[in-house]
Asker: 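Pasting in a structure now, in structure tokens, and then I'll have a few things to ask.
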Amino acid sequence: MSIDWKAYDPNGFYDELISAPGIPRPAAKTLTDYLRSLGDAEIHERKQAAEHAIMEMGISFTVYTEGGNIDRAWPFDIIPRIIPRTEWRRVEAGLRQRLTALNMFISDIYNEQRIVKDKIFPAEILSQSRNFREQCRGIQPTHGVWAHICGSDLVRDADGSFYVLEDNLRVPSGVSYMLENRQVTKRVFPELFENYSIQPVDEYPSQLFDMLASLSPRPLDYPEVVVLTPGIYNSAYFEHAYLAQRMGAELVEGADLVVCDDDCVYMRTIDGLERVDVIYRRIDDLFLDPEAFNPDSMLGVPGVMRAWRAGNVALVNAPGAGVADDKVVYAFVPKMIRYYLDEEPILSNVPTYLCMDDKEREHVLANLDQLVVKPANESGGYGMIIGPHATPTQLEEFAELIKRDPRNYIAQPTLKLSTSPTLCDGHLEPRHLDLRPFVLQGVRTDVTAGGLTRVALRKGSLVVNSSQGGGSKDTWIVDTDTRD
């Protein structure tokens with residue numbers, strides 16, 4: 001029995017593959033025709049092939065709440081998501097514009113603070129920022145870049161338009177899963193890669209290494225680049241090890257590094273100390289250097305901030321970049337683009353209410369059952385409430401949280417997130433999804449062709465995070481002009 005696309009109903013949502021029952025979008029027609037040609041047994045075999053590949057390749061993530069069983073296999077759906085390249089060009093331009101403005105904002109905040117003096121960005125938001133680091137004042141990193149790696153989360157609404165949901169500028173994760181999704185899909189559907197002109201993503205590790213190397217304080221052909229991990233129990237440890245291996249860089253923990261009297265960072269090796277030029281750190285600011293931040297941290301490197309301030313080592317992302325990784329600050333990004341670049345934003349924000357504003361807070365509290373409310377600095381879908389899916393008790397509790405600390409909350413309308421056909425118990429059903437492209441900025445800016453698509457595997461759910469029951473898909477940016 002083959003797939004019957006006429007029986008697949010997106011239920012009024014914008015679907016990435018099917019515009020209406022039985023009618024595929026132009027860029028998806030080759031894929032939908034191919035899937036229709038497969039019987040149930042063949043689709044089941046492809047799904048099993050993907051599961052075996054994930055186990056064989058060791059693709060996993062960690063859920064802290066599951067005690068002794070720290071690793072879980074990566075949840076993956078074999079039906080890819082397709083975005084025409086003609087649409088993607090605009091998204092790519094918007095991401096380049098956005099990260100340029102964000103880096104200018106961070107640099108300004110730690111130096112002249114022109115945007116505050118000109119009353120474009122409220123001083124009170126900065127004064128109450130949890131991620132502003134006084135230790136970073138006066139620093140000018142190489143190329144003027146603070147957030148070298150950004151993962152901005154995008155969503156599509158009912159009309160198919162892309163919106164930026166949030167920017168991840170501290171320690172963005174997920175790019176390894178984007179790369180592995182592509183490898184698994186090539187194993188499962190190798191023949192489809194002959195019929196589509198799919199933009200590659202495989203060059204990301206080399207682009208990442210080139211960007212990191214360009215930040216070296218020493219003019220070397222092959223600077224010493226290391227990936228600093230908190231260790232095996234971190235939820236993203238698979239990614240830390242994966243990227244280090246793909247770049248040919250050393251994977252280190254804090255105890256493997258030392259800052260000597262010359263304010264340079266050295267790596268302990270069996271041959272003695274070896275100087276380190278660039279640290280791609282996957283440790284949060286407060287645990288990075290016990291001399292500068294949390295004195296009880298056992299994860300970081302004592303003195304590494306001294307070495308960075310002296311210009312003897314590059315830190316990626318730079319400490320303090322998280323000042324722009326705040327959902328309240330997010331609301332001001334369109335103004336930043338106009339202020340620093342004198343341009344109109346190419347990509348729009350989701351309409352956002354600031355609970356610290358009296359009138360906007362009144363609106364939020366009066367319409368809590370219709371809105372999504374998020375804390376300013378949480379990630380992974382934690383600490384938020386989706387009004388239409390919440391109980392009266394939950395709404396009351398959240399109203400009190402907002403009244404107690406209005407600066408810490410924003411609210412947004414409940415979007416009709418786009419869907420994509422997803423295999424659920426042997427048949428296809430629409431499931432909501434988002435997209436996290438990755439942007440590298442150093443001497444140049446590189447944007448991944450697509451990104452990490454996360455899908456809410458639970459019916460009706462809008463939460464796509466893997467730690468809360470979400471999964472993932474391969475994302476194809478398809479050149480429809482040259483497709484066979």
Side-chain angles (χ1 to χ4, degrees), residues 3 5 14-19 24-38 42-43 46-47 49-50 53-54 57 59 74 76-96 151-152 154 156 160 162 174-208 242-243 246 418-423 428 431 433-440 445-455 471-484:
I3 293 172
W5 289 112
Y14 181 93
D15 195 87
E16 305 280 334
L17 298 188
I18 304 297
S19 59
R25 299 194 182 278
K29 190 173 187 311
T30 299
L31 173 63
T32 55
D33 286 350
Y34 175 78
L35 292 174
R36 188 172 54 204
S37 73
L38 301 178
E42 288 178 286
I43 291 175
R46 304 297 175 106
K47 188 175 187 301
I54 287 168
M57 296 161 74
I59 309 172
W74 181 242
F76 177 73
D77 181 65
I78 63 173
I79 311 300
R81 173 190 202 168
I82 292 181
I83 302 171
R85 192 178 181 188
T86 50
E87 293 181 19
W88 186 249
R89 289 192 186 105
R90 180 176 174 276
V91 175
E92 181 179 348
L95 291 170
R96 290 174 182 272
S152 291
L154 309 180
R156 298 181 94 161
F162 280 101
V175 74
S176 61
Y177 300 112
M178 174 195 79
L179 297 170
E180 292 288 54
N181 284 352
R182 178 59 53 84
Q183 293 304 311
V184 172
T185 307
K186 283 182 176 179
R187 289 195 187 193
V188 174
F189 296 129
E191 57 273 43
L192 280 173
F193 286 81
E194 300 174 4
N195 298 322
Y196 270 106
S197 176
I198 303 167
Q199 297 298 300
V201 295
D202 313 71
E203 69 272 19
Y204 180 87
S206 61
Q207 290 175 342
L208 175 60
Y242 176 89
L243 290 175
R246 289 290 302 273
S418 63
T419 62
S420 185
T422 303
L423 272 179
L428 289 180
R431 290 292 186 268
L433 33 69
D434 76 352
L435 179 65
R436 178 176 291 181
F438 295 88
V439 187
L440 299 176
T445 302
D446 292 302
V447 181
T448 54
L452 176 65
T453 286
R454 301 179 299 177
V455 55
S472 185
K473 291 172 171 285
D474 192 13
T475 309
W476 293 2
I477 304 301
V478 174
D479 193 340
T480 51
D481 296 331
T482 61
R483 198 188 72 214
D484 293 338

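Both backbone and side-chain heavy atoms feed into the values below; hydrogens, waters and symmetry mates do not.
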Asker: Quick one: side-chain hydrogen bond (donor to acceptor under 3.5 Å, both in side chains) partners of R90, sequence neighbours excluded?
Answerer: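 In terms of side-chain hydrogen bond (donor to acceptor under 3.5 Å, both in side chains), with neighbours along the sequence ignored, R90 is linked to no residue.
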Asker: Who pairs with E180 by salt bridge (charged side-chain N to carboxylate O under 4.0 Å, His left out), at least two apart in sequence or on another chain?
Answerer: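 Testing E180 for salt bridge (charged side-chain N to carboxylate O under 4.0 Å, His left out), a comparison that skips the adjacent residues, returns none.
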Asker: Once you round to the nearest 0.5 Å, how far does CD1 of I3 lie from CG of L428?
Answerer: 4.5 Å
Asker: The criterion is side chain to side chain contact (heavy atoms under 4.5 Å, CB included); which residues satisfy it with T422, sequence neighbours excluded?
Answerer: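 With sequence neighbours excluded, T422 shows a side chain to side chain contact (heavy atoms under 4.5 Å, CB included) to D77, C424, R431, V455, L457, K473, given in chain and number order.
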Asker: Short question: side chain of R25, backbone of D15 - any donor-acceptor pair under 3.5 Å?
Answerer: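 Between the backbone of D15 and the side chain of R25 there is a qualifying donor-acceptor contact (under 3.5 Å).
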Asker: In the structure I gave you, are the side-chain heavy atoms of I54 and V184 within less than 4.5 Å of one another anywhere?
Answerer: yes
Asker: Should L423 and I78 be marked as a side-chain contact (heavy atoms from CB on, under 4.5 Å) after you check the CA-CA gap, both sets of side-chain angles, and the distance that decides it?
Answerer: CA-CA 8 Å; L423 272 179; I78 63 173; 3.7 Å; yes
Asker: Are N195 and T30 close enough that a side-chain donor and a side-chain acceptor fall under 3.5 Å?
Answerer: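 Short answer, no.
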Asker: Look up atom CG in D446 and atom OH in Y204, then write down how far apart they are to the nearest 0.5 Å.
Answerer: 9.5 Å
Asker: Do the side chains of L31 and F189 get nearer than 4.5 Å, heavy atoms only?
Answerer: no
Asker: Checking the side chain of R454 only, and the main-chain atoms of D434 only, is there a donor and an acceptor separated by less than 3.5 Å?
Answerer: no
Asker: Do S420 and R81 have side-chain atoms, one donor and one acceptor, less than 3.5 Å apart?
Answerer: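 On atom types as modelled, these side chains do not qualify, holding no pair under 3.5 Å.
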Asker: What's the separation between atom OG1 in T453 and atom OH in Y177, rounded to the nearest 0.5 Å?
Answerer: 15.5 Å
Asker: Once side chain to side chain contact (heavy atoms under 4.5 Å, CB included) is applied, do any residues pair with E42, and if so which ones, sequence neighbours excluded?
Answerer: L38
Asker: Are the side chain of Y196 and the backbone of A27 linked by a donor-acceptor contact shorter than 3.5 Å?
Answerer: yes
Asker: Might you work through the side-chain contact (heavy atoms from CB on, under 4.5 Å) test for S152 and V439, ending with a clear yes or no?
Answerer: CA-CA 8 Å; S152 291; V439 187; 5.8 Å; no
Asker: Quick one: are L452 and F438 in side-chain contact, heavy atoms under 4.5 Å?
Answerer: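 In short, these two side chains touch, coming nearer than 4.5 Å.
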Asker: My understanding is that only residues two or more places apart in sequence, or in another chain, count here; which of them pass side chain to side chain contact (heavy atoms under 4.5 Å, CB included) with R85?
Answerer: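 Checked R85 against side chain to side chain contact (heavy atoms under 4.5 Å, CB included); matches are R89, Q199, I477, D479.
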Asker: Just how far is it from atom CZ of F76 to atom OG1 of T185, taken to the nearest 0.5 Å?
Answerer: 3.5 Å
Asker: Hey, could you give me the CE/OG1 distance between M178 and T475, rounded to the nearest 0.5 Å?
Answerer: 8.5 Å
Asker: Check side chain to side chain contact (heavy atoms under 4.5 Å, CB included) between P24 and all other residues, then give those that pass, not counting sequence neighbours.
Answerer: I18, K29, T32
Asker: At what distance, to the nearest 0.5 angstrom, does CH2 of W476 lie from CZ of F193?
Answerer: 5.0 Å
